[in-house]
Amino acid sequence: MRRAPDDELAREAAQGDLAAFDELTVRYERRAYSYALRMMGDPEAAREAAQEVFLKTWRNLPRFRGEAAFSTWFFTIVVSTCRNVSSYHRLRDRHRAPETTHEDAPDRIAALPDTRPGPERMTEKREIAALLARALNNLPEPQRKMLVLRDVNEFNYAEIAGILGCPEGTVKSRIARARLQMREELARLGYNGPGDET
Amino acid sequence: MNCIDIREQLNAYIDGELTPAETTAAASHLEGCESCRRELAAYRDVANLLQRHGPAEPPARLLPDLRIQIEKEALARRRRAFRPTGRMALAASFLLAVLGGVYLNLIHIQPDGVSVNRAMRSSVEQAAKTEMNKRTYAEASKAAEPANAGKNEVAGAVAPSQPAEPKPETDETDNIATTESDAKEENVAASADAPAQPSAKKFVVESAVADDGTGIAASPVAPPSPAAAPEPRRISRSAGTMDMGAFDNHRMGSSGGGSAGPVASPISTGSAGRRGESVAGYAFVAPPMPSAMRMMMESLEEEGANLLLSGDMLSLADKDASPAKPAALALKAEKSAPRVSMTTTASTGWSAAPGGLAAEMAVGSGPVPPMAESKEKAKTADMNKTKKSKEIVVATADEETSAKKDVAEKSKSGAPGGAATKGKADKRHAVRVKAESPIAARLSAIDAVRAWGAANDAGVVVTVGANSLELRNVTNAQAGEILRSVLRGVGPATNSMSVPAALQSGILNSPADEADAIEVRFVKP
């Protein structure tokens, strides 16, 4: 495992170093996939989006000038790719099943991989994950985006503003609204706080 | 800091985004306020829940699959590094043309001093064999006069005059010298090969507008004779003119679309009859403009697209590409080359629509008409000032007369989507769909049109442009139906609808991004 910083790896990868790109992929694979999954709710679509993200990154690495952190630059690709893939899937799904709504939709997130041992605990975690996914899915996309970038991908407000190209004030207000709405959604879906998690 | 102030800051406090002073103030307030502490705990709970359950393990096959694709890309990149770009190729072909001209004219000056280039010589020999293009000397001179004027120049000493030869009418130019000496050559050759010629003064002349498209100007030339007396060195630029002519023809043909030369653009405007040739369902059609096609191909290849060029159609051969790829490529292609539009076929559309699209989508050659009237434009401009959203314009050329004419033509020819109607801007229904991305907008509109097409067996031609979707071969009633289906749930009397109404009606499938508001209008000027 190489210890080089992301920017250095990016420069090496831009010159065709596949090993450097592999290292970047390993570092960012989980974050990109998590974002895609939380934004789209469908593991298959998320996998497809994540793959597309890394392909785009590989193609565009020569254009990475290091003005922003690699993670910020990379996540601009993640966000735009997920939006495009999501648009495509949404329209396709609508065409296939136009009457489906969020409420009626099958809970695809329930099939998420879970590494926790024990069938009961697995079921519990799966239920919470399903609740979370459903609540997230009911948030407006801009708020969902902010919340996922903040809480799942752990970017700070300035980095989120850089990724989404909006002022920090917007990030702050949307995250506040998103958390409030998330609380309400979770309560509506029957989640009663940390006590539900054992 | 009171409770209202602190609650606005609670999330930033959780995320550590407050200044030290704000953090201290918030902390001191929280110490003494039970209800704010409860609020804080609730928000923190949401954040913790996401942090614990948000990250997900990617599937095991993500990296191996990716590695295979990246290796392919790396290989393609290495190959591309050695491939000349469009500009380089153009420059190289230009250089080749110039050098070719020089080579043909300077290097291949015959020992007898008669300037004969290879191309001309072979064409002359060919013509001599078939004896199809033989004319009399006088005819040749007449034919040569207008075409040669100002083009052929001869430097150096002129050939010795032949008093016995009749002079061409273009006696004031240096071409005379060539003509005279060539006449002599031909005369000699003719006397050896065909003594029966009464005048013995025939010339082989290529027509002023060369049939082979090379643009060779008429110039009386003849095969050199080894018996001819050496003449002073002369340089003719006729071949140079020829090559430049070919280049110019190419360029003119590419922009005007009228050239039939051998190097004319391989790309021409698509027609409905060729839709079936599309390979993967996504076809990119360019107007007859090689530069546009070249730009488009380059940009698509940069994206790793595997392209097939067949006739005037550039198709995407990657059947295994991810579903998002064709749409993304189409967008890129459209960005790279103006007036490039994308189409899809009924057989392999974006999705498996039941019944498919009855009216096959086709690309027409007509320009996308300007959609908006002045009032509408003003509204649009205002809208664009405040919102960053992308839009797609759905415009129909729905004059009854043109529609009827199209239908009549179609019924005569029996071909679906026959004539391309150029839309007039005077009377038109239009729908403007704004969505969070051009692709989403486009797909929204196309989706609606497809749905309509699946239910109605009509030969509607749909042109999908970069920011437009044009309907042709539609009657007024059909256009109205289609537009209403785009504005799903909107009655015919409704001329406009608000964003919430559009969302509620299901036209727009996602809640509007605040920054990228979605707007749907139904304009009936």
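Chain identifiers are assigned alphabetically (A, B, ...) following the order of the sequence lines, protein sequences preceding nucleic acid strands; residue numbering begins at 1 within each chain. Because the structure is predicted, anything quoted here is derived from the model rather than measured.
For chain B, the option among A:Asp151, A:Val148, A:Asp22, A:Thr81 with the highest count of heavy-atom pairs below 4.5 Å is A:Asp151. Here A:Arg183 is the residue among A:Arg31, A:Met182, A:Arg183 with the most heavy-atom pairs under 4.5 Å with chain B.
The stretch residues 36-43 of chain B places B:Glu39, B:Ala42, B:Tyr43 near chain A, each with some heavy atom under 4.5 Å from a heavy atom of that chain.
For A:Phe64, the ring pair (Phe, Tyr, Trp, His ring centres under 6.0 Å) criterion is met by A:Phe70, A:Trp73, not counting sequence neighbours. A:Phe54 is linked by a ring pair (Phe, Tyr, Trp, His ring centres under 6.0 Å) to A:Phe74, counting only residues two or more places apart in sequence or in another chain. For A:Glu44, the salt bridge (Lys or Arg N to Asp or Glu O under 4.0 Å) partners two or more places apart in sequence, or in a different chain, are A:Arg47, B:Arg61.
Taking 4.5 Å as the limit, some side-chain heavy atom of B:Leu50 sits within range of a side-chain heavy atom of A:Leu136. Between B:Glu17 and A:Asn156 there is a side-chain heavy-atom pair separated by less than 4.5 Å. Side-chain atoms of B:Gln9 and A:Lys172, non-hydrogen and from C-beta on, do get closer than 4.5 Å to each other.
Proximity to chain A involves both the backbone and the side chain of B:Gln51, based on heavy atoms less than 4.5 angstrom apart. With a 4.5 Å cut-off on non-hydrogen atoms, A:Asn153 does not touch chain B at all. In this structure, chain B has heavy atoms under 4.5 Å from both the backbone and the side chain of A:Leu55.
Distance check: B:Ile70 CD1 to A:Arg59 CZ gives 7.5 Å after rounding to the nearest 0.5 Å. The distance from atom CG of A:Leu132 to atom NE2 of B:His53, rounded to the nearest 0.5 Å, is 7.5 Å. To the nearest 0.5 Å, the span separating CG on B:Leu49 from CG on A:Leu186 amounts to 6.0 Å. For the atom pair B:Asp15 CG and A:Glu154 CD, the distance stands at 10.5 Å (nearest 0.5 Å).
No donor-acceptor distance shorter than 3.5 angstrom exists from the side chain of A:Glu29 to the backbone of B:Pro58, with no hydrogens or angles considered.
Across all their heavy atoms, B:Ala56 and A:Ser34 have their closest contact at N-OG, 2.8 Å. Listed here is the closest heavy atom pair of B:Ala47 and A:Arg179: CB-NE, 3.8 Å.
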